[in-house]
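Have a look at the structure below, then the notes.
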Amino acid sequence: MISPVKKTYLRIRKLHITPPWLVMLIDMLFVVLSIYITLFIRSNFNVSSALYTSDWYYTPIVILAIRFLFFEIFQIHHLVIRYTNTRDVAKIFLSCVLGTMFVGITDFVGYAINQKFLVPTSVWMMEFFITTVILVAYRFAFKMYYLESVNPSKLRKNIVIFGAGSSGVTTKRTIDRDNASKYNVLAFFDEDDKKINMQLESLPVIDYKHLDEYLSINNISFLIIAVQKISNAKIKEITDIALPYNVKVLKVPPVSRWLNGNLSFKQIKKVRIEDLLERDPIQLDLSLLNAELNNQTIMITGAAGSIGSEIVRQLLNFNYKQLVLIDEAETPCFFLQNEIMQINGMDRVSMHIFDICDTMQLDKMMAHYKPDIIYHAAAYKHVPMMEKNVRSAIKVNVDGTKTLADFAVKYGTKKFVMVSTDKAVNPTNVMGASKRIAEMYVQALNFHQDTTKFITTRFGNVLGSNGSVIPIFRKQIENGGPITITHPDITRYFMTISEACQLVITAGSMGNGGEIFIFDMGKSVRIADLAKKMIQLSGLTLDKDITIKYTGLRPGEKLYEELLATEENTTKTTHKKIMIAKVRSYDYNVIVPKIENLIAHQNDDDFTIVSLMKDIVEEYKSQNSIFESIDNQNKNTK
């Protein structure tokens, strides 16, 4: 038979934490101990003298009762001992202070009534200090024992924190509270001279200049960036220092995203490749945008796509009259509608699922809503797909754009903003050429009528957009590789979806009609370097855990993208990231018949269609494509 005491012990062993009733029992036993230590000290350690004093009988009862009351009020027995931190210490200290004050008040009241102290003043004063020290000390002793027994310090993963401010302190306490048995914070790093060489949470604050050296001589598993306002350039700089030493870089989210104002360890996420490519936030002229968009009916085509949906999100912040959203993809439309409903409802938003090439339906929409502003983001954009589907490229990118532009004039639209691409500059593929032809049409139409201002915006690859390289690489890494890249020297410009759409809306508000706006895309990025950095950020080793495979350039693909053709130059605008391309202008009566002829032949064979495209866009030279034969033929006939 197992004794009741042993059964209780076994039940406690099975629990993950010490039950509160047991913590209260231990606390009260330590209070008794501190009381008798105090009595022995008061009697000059004369045991016989202490045993026969009346204080021996009454004092423990009074103090124990009051301590129990205040421990219960402050619930200190519900604090998990192995996660004891400074907040817990403050709670214990406060309960002891108030309890001691209550003892003192009770003592003086008793003296006023019976002319006798229930508890000698020297006793309750000394007992306060001894009890507080013992309760805190045994908790920290148990915590250290637990940590070393469960996971000795030599087995824990080491962490350093960049940022010795309040966010850094909170991060350190969060790690101690949530994952103290797994991780060991060694130091803070900071650039503030006032903080360097100080002690913070018993840890040194080291000059950021020495981070590289520190990582080289210490076995660090994680570096956590715990600065609320930090530039993307600084994040990239820190990451570049850490990755060669196989240190994983994490980032603390903004305070606004902390759960109920408290940081959780699970919220500290890995730095993503997008964080390293992003640039500092754009400063928008809100007064200009508010004046432009106020009380306007705005139509967005391709509204459920990567660019279209972000334009919608941006516009939700303004006082529009009506948003008219058009897309043919049902499921993305469903998700976008749910998102909008959660933000501000669908009272002034209407969603319509149809193809912009459906002329009859589009005519009905335009006649019903008569939009003031149109953001035209509907397009086919993938180079290899359009190289094999020429008819679709003409139907959507050229014919669809022309139809929508014509209806914009017919129904009195004030502004028509077309989203284009850097691949329209000196195009080497069907997709880029089709977008260039669309640009040419809307620009020619702009100067042919006085109703609608047509504005074009160009930018490069968008981070995280559907089918973009980063989500593809991320999925390949998750699947164990290999990462496939077409060429070791291929480069691309990148921009975040948010940044691109903010610039589209801003450029649209600035435009007077006929402009082709281009955006500052920063420096081009070598795709192979991008893949290698993503491998490192995933904690993997190139050629050991995962490989890179070069597959060769795809049909129509360039090694290097350009934002402007060689014949073009730019003029500055009031926004430092937006420029206007000076492009060749085309006479409406000359270029439009050619475009209409192309549309009329959109169901012919691919070579006939591409030949007509090359006749319209003289700089269109195919690369790595079956349509190179057309260029060779044209060259021989000259």
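Both backbone and side-chain heavy atoms feed into the values below; hydrogens, waters and symmetry mates do not. Values in this document were obtained by computation on a predicted structure and should not be read as measured data.
Between E201 and V169 there is a side-chain heavy-atom pair separated by less than 4.5 Å. Taking 4.5 Å as the limit, some side-chain heavy atom of M510 sits within range of a side-chain heavy atom of T574. The shortest distance between side-chain heavy atoms of M579 and T571 does not fall below 4.5 Å. E339 places a side-chain heavy atom less than 4.5 Å from the side chain of R313. Between N319 and L293 there is no side-chain heavy-atom pair separated by less than 4.5 Å. Looking only at side-chain heavy atoms (C-beta outward), I505 and L289 come within less than 4.5 Å of each other. Put simply, the side chain of I238 reaches to within 4.5 Å of the side chain of F162, judged on heavy atoms. Side chains of R436 and S420 form no contact here, defined as non-hydrogen atoms less than 4.5 Å apart.
Formation of a donor-acceptor pair under 3.5 Å by the T541 side chain with backbone atoms of K544 is not found in this model. Remark: the backbone N or O of K194 is paired with a side-chain donor or acceptor of D192 at under 3.5 angstrom. The closest donor-acceptor contact from the side chain of H487 to the backbone of D489 lies under 3.5 Å. Of the possible donor and acceptor atoms, one in the side chain of S95 sits under 3.5 Å from a partner among the backbone N and O of I92. At distances below 3.5 Å, at least one donor-acceptor pair connects side-chain atoms of S509 with backbone N or O atoms of T506. Checked by atom type and distance alone, the side chain of N184 never pairs as donor or acceptor with a backbone atom of N158 at under 3.5 Å. A donor-acceptor pair under 3.5 Å is absent between the side-chain atoms of T547 and the main chain of D543, judged by distance alone. Remark: side-chain polar atoms of N429 are paired, donor with acceptor, to backbone N or O of G432 under 3.5 angstrom.
Note that the OG1 atom of T457 and the NE2 atom of H376 stand 11.0 Å from one another [nearest 0.5 Å]. Interatomic distance, K172 NZ to Y183 OH, rounded to the nearest 0.5 Å: 15.5 Å. Rounding to the nearest 0.5 angstrom, the gap separating the CD1 atom in I497 from the OG atom in S306 is 5.0 Å. To the nearest 0.5 Å, atoms CZ (F93) and OG1 (T131) are separated by 12.5 Å. I527 contributes atom CD1, which lies 10.5 Å from atom CE of M534 (distance to the nearest 0.5 angstrom). Summarising the geometry, atom CD belonging to Q502 is positioned 4.5 Å from atom CD belonging to Q314; distances are rounded to the nearest 0.5 Å.
When every heavy atom of V252 is checked against every heavy atom of S167, the shortest pair comes out as CG1-OG, 4.0 Å. Minimum interatomic distance between I307 and A377 (heavy atoms only, all atoms of both residues): CG2-CB, 4.5 Å. The two residues I225 and V249 make their nearest non-hydrogen contact at CD1-CG1, 3.8 Å. Taking both residues in full, the closest heavy atoms of A528 and I548 are given as O-CD1, 4.4 Å, listed atom of the first, atom of the second, then distance. Heavy atoms only, all atoms of each residue included: V312 and I300 are closest at CG2-CD1, 4.3 Å. Of all the heavy atoms in A581 and I518, the pair that sits closest is CB-CG2, 4.2 Å.
For F517, there are no ring-ring contact (aromatic ring centres under 6.0 Å, His included) partners at least two apart in sequence or on another chain.
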>> Run H382 and M431 through side chain to side chain contact (heavy atoms under 4.5 Å, CB included) and show every step you take.
In response: CA-CA 7 Å; H382 294 293; M431 192 282 286; over 6 Å; no

> Does the side chain to side chain contact (heavy atoms under 4.5 Å, CB included) test come out yes or no for S498 and E310, once each step is laid out?
Replying inline: CA-CA 6 Å; S498 176; E310 182 59 29; 3.9 Å; yes

> K248 and L223: side chain to side chain contact (heavy atoms under 4.5 Å, CB included), yes or no, with the steps?
Replying inline: CA-CA 6 Å; K248 293 181 180 178; L223 186 156; over 6 Å; no

>> Between I485 and T551, does the side chain to side chain contact (heavy atoms under 4.5 Å, CB included) criterion hold? Intermediate values first, please.
In response: CA-CA 6 Å; I485 301 175; T551 58; over 6 Å; no

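Summarising the local packing, NZ of K195 is surrounded by more than 12 heavy atoms from other residues, nucleotides or ligands at distances under 6.0 Å. Residue M385 places its CE atom among 12 or fewer non-hydrogen atoms of other residues, nucleotides or ligands, all under 6.0 Å distant.
At a threshold of 4.0 Å, the pair D422-R492 does not count as salt-bridged, since none of the basic side-chain nitrogens sits closer than that to a carboxylate oxygen. Comment: K533 does not engage D529 in a salt bridge, judged by the lack of any side-chain N to carboxylate O separation of less than 4.0 angstrom. A salt bridge is absent between K209 and E191: the closest approach of a Lys/Arg side-chain nitrogen to an acidic carboxylate oxygen does not fall below 4.0 angstrom.
Residue Y214 forms a ring-ring contact (aromatic ring centres under 6.0 Å, His included) with just one option from F188, F189, Y245, Y208, and that option is F189.
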Pairs under 3.5 angstrom only: tabulate donor-acceptor contacts from the side chains of residues 471-481 to other protein residues two or more places apart or in another chain.
| from | atom 1 | to | atom 2 | distance (Å) |
| --- | --- | --- | --- | --- |
| R474 | NH1 | E274 | OE2 | 3.3 |
| R474 | NH2 | E274 | OE1 | 2.8 |
| R474 | NH2 | E274 | OE2 | 3.2 |
| Q476 | OE1 | T484 | N | 3.2 |
| Q476 | NE2 | T484 | OG1 | 2.9 |
| N479 | ND2 | K475 | O | 3.3 |

